[in-house]
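Just so we're clear, the structure is a prediction, and the values are computed from it rather than from any experiment.
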Amino acid sequence: MGLTISDPNFKSTMEDSQIEHVKRTFVSGGSIEDNFNLQHEIGAGAFGRVIFARDKEMDTPVAIKIMEKKNNPFSYREVELIHSVSHPNVCDCKAVYEDNDNIYLVTTAYTGGELYDYVADNLGEIEPRRAFELGMDMLRALEACHMSGFAHLDVKPENFMFKTKALGAPLVLVDFGSAEPFVRRAYADTSDKYDPEGDDKITDLERLTGTAMYMSPEVSLAAKFSSRSDVWSVGVTLFIMLTGSLPYESDEDKKTPLFETLDTENQIIKKILSAEARTLLNSMLHLDASQRVSTSEAIATMAAILESGLSNEHE
């Protein structure tokens, strides 16, 4: 048997047999330059850099993530994880190549820009309905990951791209460099099924590469994670879109969240959201993961709220 992301023997560094399975299953033969014209760098992160390129045969744009194997022992795992999920709000994977030094992950080149830029350019001015519509795209992408057996663990506006420049274009989740498979238990789509004692642990501290200001308390403080960790990060992003600020203060260096300062009585939120919408946001930002909603629960509630209205005018 090859590698499966729900395998209890899944390790932080992969065995040779597991790597060979990924190579046989997903890696194309030949050189990346046989099929693509690599052009200019469009991004860089902890586990690789991204190059804009064009498919030689189709003359279509693509994005190629280049991961150095010697500096990224998780590169083959990322190949496995990205192939395990298929969803309109999750980036696709067109092909994978490798040479002695690198792995090349070929995806669609999404042209609408990062959610980060949209939020920064419209800080404090994003309408609640628009924020919740974007939140739905984020949650749908993450639910697909959770149902496929892993948590993304680096949910932030920089890791969501608008598919095109068209007005209302959907968001697409990218960059699976921090993703971790569920090992101890499967995704619990309801609160009744969720048991925090079954949460997974990040045993290699180098894997704590998510952005601190979006990282859930259990990941940041205990190196534990579950699907609920991604829900927290969506909640933080929603809070920023709605208020223009983080839901908590940070230390003097502005690098570490002070979770004890979580603002559960924010006046802007009270002014613009209905009681139902506030309850949902608070449940996404609960310090205790066992009290947090799943992505599936959040999607169902958010859909009902968008249908009935977000305003608190009736209160």
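Under a 3.5 Å cut-off, the side chain of Glu57 and the backbone N or O of Asp55 do not form any donor-acceptor pair. Checking side-chain atoms of Ser148 against main-chain N and O of Ser84 turns up a donor-acceptor pair under 3.5 Å. Within the 3.5 Å criterion, the main-chain N or O of Ala298 finds no donor-acceptor partner in the side chain of Thr301. Of the possible polar contacts, none joining the Thr25 side chain to the Val22 backbone as a donor-acceptor pair under 3.5 Å is found. Listed for the Asp200 side chain is a donor-acceptor partner under 3.5 Å among the backbone atoms of Arg184. Remark: side-chain polar atoms of His152 are not paired, donor with acceptor, to backbone N or O of Gly177 under 3.5 angstrom. Side-chain atoms of Lys23 do not come within 3.5 Å of backbone N or O of Glu98 as any donor-acceptor pair. Under the 3.5 Å distance criterion, the side-chain polar atoms of Asn282 are left unmatched by any main-chain donor or acceptor of Thr279. Side-chain N or O atoms of Asp230 include none that pairs as donor or acceptor with a backbone N or O of Leu142 at under 3.5 Å. A distance-only check finds no donor-acceptor pair linking the side chain of Asp137 to the backbone of Pro170 [under 3.5 Å].
The cationic atom of Arg228 (NZ for Lys, CZ for Arg) lies less than 6.0 Å from the six-membered ring centre of Tyr194 and within 45° of the ring axis.
In the displayed structure, Gln39 atom CD is contacted under 6.0 Å by more than 12 heavy atoms of other residues, nucleotides or ligands. The number of heavy-atom neighbours closer than 6.0 Å to CZ of Phe26, taken from other residues, nucleotides and ligands shown, is above 12. Atom CE of Met213 is surrounded by more than 12 heavy atoms from other residues, nucleotides or ligands within 6.0 Å. Under a cut-off of 6.0 angstrom, the local environment of CD in Glu260 is crowded, with over 12 non-hydrogen atoms contributed by other residues, nucleotides or ligands. Crowding of Leu258 atom CG: a count of heavy atoms from other residues, nucleotides or ligands under 6.0 Å exceeding 12. Summarising the local packing, CZ of Arg54 is surrounded by more than 12 heavy atoms from other residues, nucleotides or ligands at distances under 6.0 Å. In the displayed structure, Lys69 atom NZ is contacted under 6.0 Å by more than 12 heavy atoms of other residues, nucleotides or ligands. Residue Gln291 places its CD atom among more than 12 non-hydrogen atoms of other residues, nucleotides or ligands, all under 6.0 Å distant.
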For residues 118-130, which side-chain N or O atoms pair as donor and acceptor with protein atoms under 3.5 Å away, sequence neighbours left out?
{"from": "Asn122", "atom 1": "ND2", "to": "Tyr118", "atom 2": "O", "distance (Å)": "2.7"}
{"from": "Arg129", "atom 1": "NH1", "to": "Leu306", "atom 2": "O", "distance (Å)": "3.3"}
{"from": "Arg129", "atom 1": "NH2", "to": "Leu306", "atom 2": "O", "distance (Å)": "2.7"}

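Taking the six-membered ring where tryptophan is involved, the planes of Phe182 and Tyr187 are essentially parallel, since the angle between them stays under 30° and well short of 60°.
Between the side chains of Asp288 and Ser290, a donor-acceptor pair is found at a separation under 3.5 Å. If you check the side chains of Asp154 and Tyr214, you find no donor sitting under 3.5 Å from an acceptor.
Distance NZ/Lys94 to CG/Asn35: 13.0 Å, rounded to 0.5 Å. Here the CD atom belonging to Glu143 is positioned 7.5 Å from the OG atom belonging to Ser294, to the nearest 0.5 angstrom. Note: Leu246 CG to Thr261 OG1 = 9.5 Å, rounded to the nearest 0.5 Å.
Closest heavy-atom contact between Leu242 and Ala131: CD2-CB, 3.9 Å. The two residues Pro181 and Arg77 have their closest heavy-atom pair at CD-NH1, 3.5 Å. Here the closest heavy-atom approach between residue Met161 and residue Val174 is recorded as CG-CG1, 4.0 Å. Contact detail for Ile103 and Ser75: the closest heavy-atom pair is CD1-OG, 3.4 Å. Between Ala212 and Pro257, the shortest heavy-atom distance links the atoms O-CG, 3.2 Å. Of all the heavy atoms in Arg278 and Leu273, the pair that sits closest is NH1-O, 2.7 Å.
Applying the ring pair (Phe, Tyr, Trp, His ring centres under 6.0 Å) test to every pair with at least one member in residues 256-296, sequence neighbours left out, gives these pairs: Trp232-Phe259, Tyr248-Phe259.
Using a cut-off of 4.0 Å between Lys/Arg side-chain N and Asp/Glu carboxylate O, Asp175 and Lys65 are scored as salt-bridged. Ion pair Glu218/Arg292 flagged as a salt bridge, since at least one NZ, NE, NH1 or NH2 atom sits closer than 4.0 Å to an Asp/Glu carboxylate oxygen.
Linking ILVMFWY side-chain heavy atoms closer than 4.5 Å, directly or via other members, places Phe160 and Tyr110 in two distinct hydrophobic clusters.
With contacts defined as side-chain heavy-atom distances shorter than 4.5 Å, the pair Tyr104/Asn102 qualifies. Contact annotation: the side chain of Val236 approaches that of Pro247 to within less than 4.5 Å [non-hydrogen atoms, C-beta and beyond]. Annotation: side chain of Ser28 is not in contact with side chain of Val96 (no heavy-atom distance under 4.5 Å).
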task: Carefully, step by step, assess Lys193 and Asp189 under the rule salt bridge (Lys or Arg N to Asp or Glu O under 4.0 Å).
output: CA-CA 7 Å; Lys193 297 178 184 177; Asp189 60 346; 3.0 Å; yes
